[in-house]
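Shown next, in structure tokens, is the structure this report addresses.
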Amino acid sequence: MCGIVGYTGTRQAAPLLLNGLDRLEYRGYDSAGLAVKGPDAKLHVVKAMGRLSALREKCHNGAALSGTAGVGHTRWATHGKPSDENSHPHVSGNGRIAIVHNGIIENYAPLKEMLENRGRVFASETDTEVAAHLIDYYYKGDLLDAVARAVRELEGSYAIGVVCADEPGTLVAAKSHAPLIVGYGEGENFFASDVVALAEHTRTVSYLDDDEIAVVRPDSVTFYTPFLDEIQKERKEVDWDISAADKGGYEHYMFKEIMEQPEAVRRTVEPFLRDGRADLSQVLDAELVRRLNRLYVVACGSSYHVGVVAKYTMEKQVRIPVEVVLASEFRYCDPILDGNTLVICISQSGETADTLEALKEAKAGGAYTLSIVNVEGSSIAREANSVIYTKAGPEIAVATTKAYSTQLAVMVLLTLYFGAVRGAMDQETYDAILTELLAVPDKLRRILEDKAHIQYLAYRFFNNEDIFFIGRNIDYALSLEGSLKLKEISYIHSDAYAAGELKHGTISLVVNGTLVIAITSFERLVEKTASNALEVRARGATVLAVTTEHLRQRVEHAADEIIVIPDTHEALLPSLAVLPLQLFAYYMALYRGCDIDKPRNLAKSVTVE
Ligand code: G6P
């Protein structure tokens, strides 16, 4: 939610800031803006509602803003509707201080009242403008001191970047509960919400922790507590390949990321294979795994859906109770935790506020915490007792695809490791699951070869306005993700139901022509789901079934159209079946002319509650 970036050095800041914002636009795209300290000792601010392209146009790709230090912002609106006034940077009334902010300042109302009583006049509805005025209020010739005083009073979540008309070349950045990194260059330095914004300039970064402040100048970066004690921060080398964050010739990031899945899954699984076994002992001690009596999987959105799949798979294969809880609920539901509980937090970004807070709650409750995260050094990765990195590489499209697939693969690795360590899985099952896990990349490639068929189906159905997904067991778990993918990028109303539950209400919504996508890959229940498909067909629905090669014949009679995936062990079915659902959502959105990579109202990294 919102991306911030800062540059100070010898080059023109505006074009560099715009490039950084390009990379951060996935975090929000309601508006964007820049503030650059000009050679005339003034701050020059340009902001524009809408996509970054509107800002680029307004400032002639940065040429309109001369200066070698500045800050930039791309917004996902929280306080105040998307508009030019509510866009960042926000500037103190006298034009001395400009600030960009990601997060929510919860106590902005009393602070605003205090400042208004002292004669400050506000130009926007945002919480952020309060911070600009507050810093200016404390400014007595030392920007660091003013920011430190201000952050001591701010409550809520923030990553802020500040530039001051009176301090050439100096930027001050601070963080609490929102991500912030500093990047080191030669005679120039940066800060940003995410390494992708800086990867083309530097690989050397420091991750700020909560309640830390950075003073960034062209030839130095220093760190402080809010009480101005200087602190030393470790420098880290990031190994992300920036080309992975480009579209690579494809029209959309989402399509490119769908195509990258075979390789992403292979990269994720490989580091954990030792002597033909799934070995996660580096991450989870075998002794701990043996004594666990309950698992929680806690996450949001698609990552939550991975948890739902894992519940079915792990309970079946490992016979351990698994509870899957939405992170926003887990925090407030007094979960039952102790030293024999493992809480697994799944997050692509590693920054989702609800998941991060749930993780802290789990730790405070005495549970052991494991995070499954795609972004190295992210907050959730650092906060958990152990971390497993998915190796999806940068995922830019808001709708997740390859991160979801790599998370699923990690859950299968965990299933194998738990099964072996706890003696819960016979050798035959273990071998079958491992063999099929290793075969996933090739089988995904086979599905991709047939994408024209899925494109044809999307062409046939793209005018439907209501689409239901049904399935049982892991097919139901996957339905949740299929439905989410479709609605988030194509804006078609869609819901997923456990097939057996459909007739307890939802079937009343089925009318002539309603499309029902029946996932029927789970052999044990294939006839039951096929019967449910027949029930909706009897009421006028058109049924598109997704099934496996060897189940095809048992499903055909209940379907108008069929997508067939390769056979595999049941623990891997969602890993394959998700791919046609992603492609279907993609092509549906394409035919409907939607903004696929940046669907309305959404953001990829949700750092507010
Ligand atoms: C947002 C994204 C979803 C994502 C969810 C959780 O809502 O739009 O695609 O699944 O956040 O994100 P995380 O980074 O924690 O996996």
Side-chain angles (χ1 to χ4, degrees), residues 1-3 24-30 76 78 102 177-179 193-194 196 253-254 257-258 264 268 297-310 324-331 343-360 369-384 387-390 392-408 410-411 477-478 480-491 578 581-582 585-586 589 594-609:
M1 313 249 108
C2 301
L24 292 175
E25 212 183 0
Y26 73 88
R27 302 178 69 86
Y29 31 81
D30 289 331
W76 188 85
T78 56
N102 166 29
H177 303 286
S193 301
D194 187 336
V196 292
Y253 282 113
M254 183 180 177
E257 289 161 8
I258 286 174
T268 299
V297 183
V298 178
C300 302
S302 298
S303 299
Y304 168 79
H305 295 158
V306 169
V308 183
V309 173
V324 195
V325 190
L326 290 164
S328 51
E329 291 297 314
F330 183 87
R331 294 178 61 180
V343 176
I344 304 175
C345 291
I346 307 180
S347 175
Q348 183 282 132
S349 62
E351 299 296 347
T352 301
D354 284 319
T355 311
L356 178 59
E357 293 308 316
L359 170 57
K360 291 178 183 165
T369 54
L370 166 69
S371 62
I372 299 174
V373 171
N374 194 44
V375 179
E376 253 181 70
S378 55
S379 304
I380 292 171
R382 287 182 293 145
E383 185 71 30
V387 55
I388 297 177
Y389 284 112
T390 48
E395 193 182 63
I396 308 296
V398 165
T400 181
T401 52
K402 58 179 180 169
Y404 174 91
S405 292
T406 53
Q407 291 165 353
L408 272 186
V410 168
M411 294 313 287
L478 182 64
L480 297 170
E481 177 62 7
S483 171
L484 177 65
K485 222 55 345 168
L486 183 69
K487 75 181 126 198
E488 65 184 342
I489 60 169
S490 72
Y491 314 143
V578 71
L581 303 186
Q582 295 165 343
Y586 173 80
C594 299
D595 193 347
I596 292 179
D597 286 335
K598 298 190 180 87
R600 71 179 174 220
N601 301 340
L602 297 176
K604 189 154 189 70
S605 178
V606 182
T607 51
V608 294
E609 255 194 76

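None of the values given here were measured: they were computed from a predicted structure. Start at 1 and go down the list; that is how both ligands and their atoms are numbered.
Less than 4.0 angstrom separates some heavy atom of Gly301 from each of these atoms of ligand 1: 10 (O). Every atom of ligand 1 with a heavy atom of Ser302 under 4.0 Å away is listed here by number and element: 10 (O).
For ligand 1, one of its N or O atoms has an N or O atom of Ser303 under 3.5 Å away. Among the atoms of Thr352, some N or O lies under 3.5 angstrom from an N or O of ligand 1. Checked against a 3.5 angstrom limit, the closest N/O atoms of Gln348 and ligand 1 fall inside it.
Atom CH2 of residue Trp76 and atom CG of residue Asn102 lie 11.0 Å apart, to the nearest 0.5 angstrom. Atom OG1 of residue Thr406 and atom CD1 of residue Ile346 lie 10.0 Å apart, to the nearest 0.5 angstrom.
Defined by atom type and a distance below 3.5 Å, a donor-acceptor pair is present between the side-chain atoms of Ser303 and Gln407. With no hydrogens or angles considered, a side-chain donor-acceptor pair links Glu481 and Ser302 at under 3.5 Å.
Contact between Ala399 and ligand 1 is absent, with no heavy atom of the residue lying under 4.0 Å from the ligand.
In summary, of the residues considered (His305, Glu488, Glu395, Glu257), a side chain to side chain donor-acceptor pair (under 3.5 Å) with Thr400 occurs for Glu395 alone.
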